[in-house]
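As structure tokens, the structure follows; a few thoughts come after it.
Letters A, B, ... mirror the listed sequences (proteins, then strands); counts begin at 1. The shown structure was predicted, so the numbers you read here are calculated from the model rather than taken from an experiment.
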Protein chains: 2
Amino acid sequence: MARAGLTMDRLARAGAELADEVGFEQVTVSALARRFDVKVASLYSHLKSSHDLKTKIAMLALEELADRAGEALAGRAGKDALTALANVYRDYARQHPGRYAAAQFRLDPKSAAASAGGRHAQMTRAILRGYDLTEPDQTHAVRLLGSVFHGYVSLEMGGGFSHSAPDTEETWTRVLDALDALLRNWPAP
Amino acid sequence: MARAGLTMDRLARAGAELADEVGFEQVTVSALARRFDVKVASLYSHLKSSHDLKTKIAMLALEELADRAGEALAGRAGKDALTALANVYRDYARQHPGRYAAAQFRLDPKSAAASAGGRHAQMTRAILRGYDLTEPDQTHAVRLLGSVFHGYVSLEMGGGFSHSAPDTEETWTRVLDALDALLRNWPAP
DNA sequence: GCGGGTTTCCTAAATCTATTAGGAAGATGC
DNA sequence: GCATCTTCCTAATAGATTTAGGAAACCCGC
């Protein structure tokens, strides 16, 4: 029997593609086996469970996203950096909806620690260097930014912003303007 | 054979309870049948599919949430209203994580139109009456608030804010302070 | 280049979920 | 009390997950 040359890495990568095509929810060990033209049971030499597969796809997406964010942030500061990072998340979600959904997958503590999650927090924090915030306000602001990025992207993609005017493109730029203004003028406790 | 007295409504209600207990993802027609001590096929006299069940649970959650929001908003304005509404979402998510996840379920356009989704948008908009915003900034602000509420709650519940200091309670109040400040001082385009 | 050990893939089988078809018993209305 | 509709059932199909155990392919040292 010729071997298919499967590895965990290739499975995660193919799983990510599959997620973009049919949605992260629909990523299944069976579908993946089909894609490699291999019997389902064969995949269990490479992954422990369906949950394990999803975890690996999630971690791949988090890495990709962190890489993009790192690139986007290089050489930028202040509002420029804010906009760049925000757009990385939004663009990634639009280009790779399945992967973006995967990045939202709830990881167990061990996987979370090994994931690129920490890099994301660090990069959001890096943005704030361009603003005049000290702890604990810096952490508050990091959490606010994370909330807005994630919340906006997920509502927009879920159709939560309906179809009405003004368009979401305009809102996005105005929201980033507003965040910039807020960070420059963070209220005292 | 004695009848179990199933109705779509009771199924949705029981499904919501089940979601809170085991997670919305794990809500299954089979599990629901078990809970009513009835054969799986019997449920198909009341619902079209598993997806249909999830839709009904989502709409139930959206109604409950809108009812709570409506109560919380009565007689309040300005920052008081902002805080009240924000806390409704957060508290609901904590008390009923499965239902809250259900409320995030992506509805088809017909169900979405029949859902309480519109009431939610209206209530967020109502908050802004206490601030000096006109269109299209009002819509931008509605979307920002929705993003923050949803994003914060979902990151917090997903463990995205780790466990480090400062605690998320403090961040939450400071984020609401910041939003209030931002709305009172919305930047010109 | 050959024998042994490991890895990868297979067949087979159990279990769970979703869904449909068709039947029988309970409820309802006249 | 009969006809009809509804609700629940049995039976069956199909797909997903997961485990057990086997055989061929690959790799390593000799």
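Between A:Lys39 atom NZ and C:dA13 atom C1' there is a gap of 15 Å when expressed in whole angstrom units. In this entry the distance linking CE of A:Met8 with P of C:dT7 reads 17 Å, nearest Å.
The residue B:Val40 sits close to a base: some heavy atom pair falls under 4.0 Å.
Comparing the end axes of the helix from C:dG1-D:dC30 to C:dC30-D:dG1, each fitted to five base pairs by superposing C1' atoms of four pairs onto the next four, gives an inter-axis angle of 20° (nearest 10 degrees).
Sorted by first then second residue, the salt bridge (Lys or Arg N to Asp or Glu O under 4.0 Å) pairs that include residues 146-158 of chain A, not counting sequence neighbours, are A:Arg90-A:Glu156, A:Arg94-A:Glu156. For residues 178-189 of chain B, the set of pairs meeting the salt bridge (Lys or Arg N to Asp or Glu O under 4.0 Å) definition, not counting sequence neighbours, comprises B:Asp180-B:Arg184. Applying the side-chain hydrogen bond (donor to acceptor under 3.5 Å, both in side chains) definition to pairs two or more places apart or across chains, those involving residues 48-72 of chain B are B:Asp52-B:Lys56, B:Glu63-B:Arg119, B:Glu64-B:Tyr92, B:Glu64-B:Arg99, B:Asp67-B:Arg119, B:Arg68-B:Gln95.
Sorted by residue number, the members of residues 43-60 of chain B with any non-hydrogen atom under 4.0 Å from DNA chain C read B:Tyr44, B:Ser49, B:Ser50. Only B:Thr28, B:Val29, B:Ser30, B:Arg34, listed by number, bring a heavy atom of residues 11-36 of chain B to less than 4.0 angstrom from any atom of DNA chain C.
Looking at B:Glu135 and B:Arg125, a side-chain N of the basic residue comes within less than 4.0 Å of a carboxylate O on the acidic one, giving a salt bridge.
Its side chain within the 4.5 Å cluster rule, A:Leu47 clusters with A:Leu6, A:Met8, A:Leu11, A:Leu18, A:Val22, A:Phe24, A:Val27, A:Val29, A:Leu32, A:Phe36, A:Val38, A:Val40, A:Leu43, A:Tyr44, A:Leu53, A:Ile57, A:Met59, A:Leu62, A:Phe105, A:Leu107 among the Ile, Leu, Val, Met, Phe, Trp and Tyr residues.
The salt bridge (charged side-chain N to carboxylate O under 4.0 Å, His left out) test applied to A:Arg35 returns A:Glu17, A:Glu21, not counting sequence neighbours. Residues meeting the ring pair (Phe, Tyr, Trp, His ring centres under 6.0 Å) test with B:His150, sequence neighbours left out: A:His150. Residues satisfying the ring pair (Phe, Tyr, Trp, His ring centres under 6.0 Å) criterion with B:His120, sequence neighbours excluded, are B:Tyr89. In this structure B:Trp172 satisfies the ring pair (Phe, Tyr, Trp, His ring centres under 6.0 Å) test together with B:Tyr152, sequence neighbours excluded. Listed by chain and number, the residues in a salt bridge (charged side-chain N to carboxylate O under 4.0 Å, His left out) with A:Asp167 amount to none (sequence neighbours excluded).
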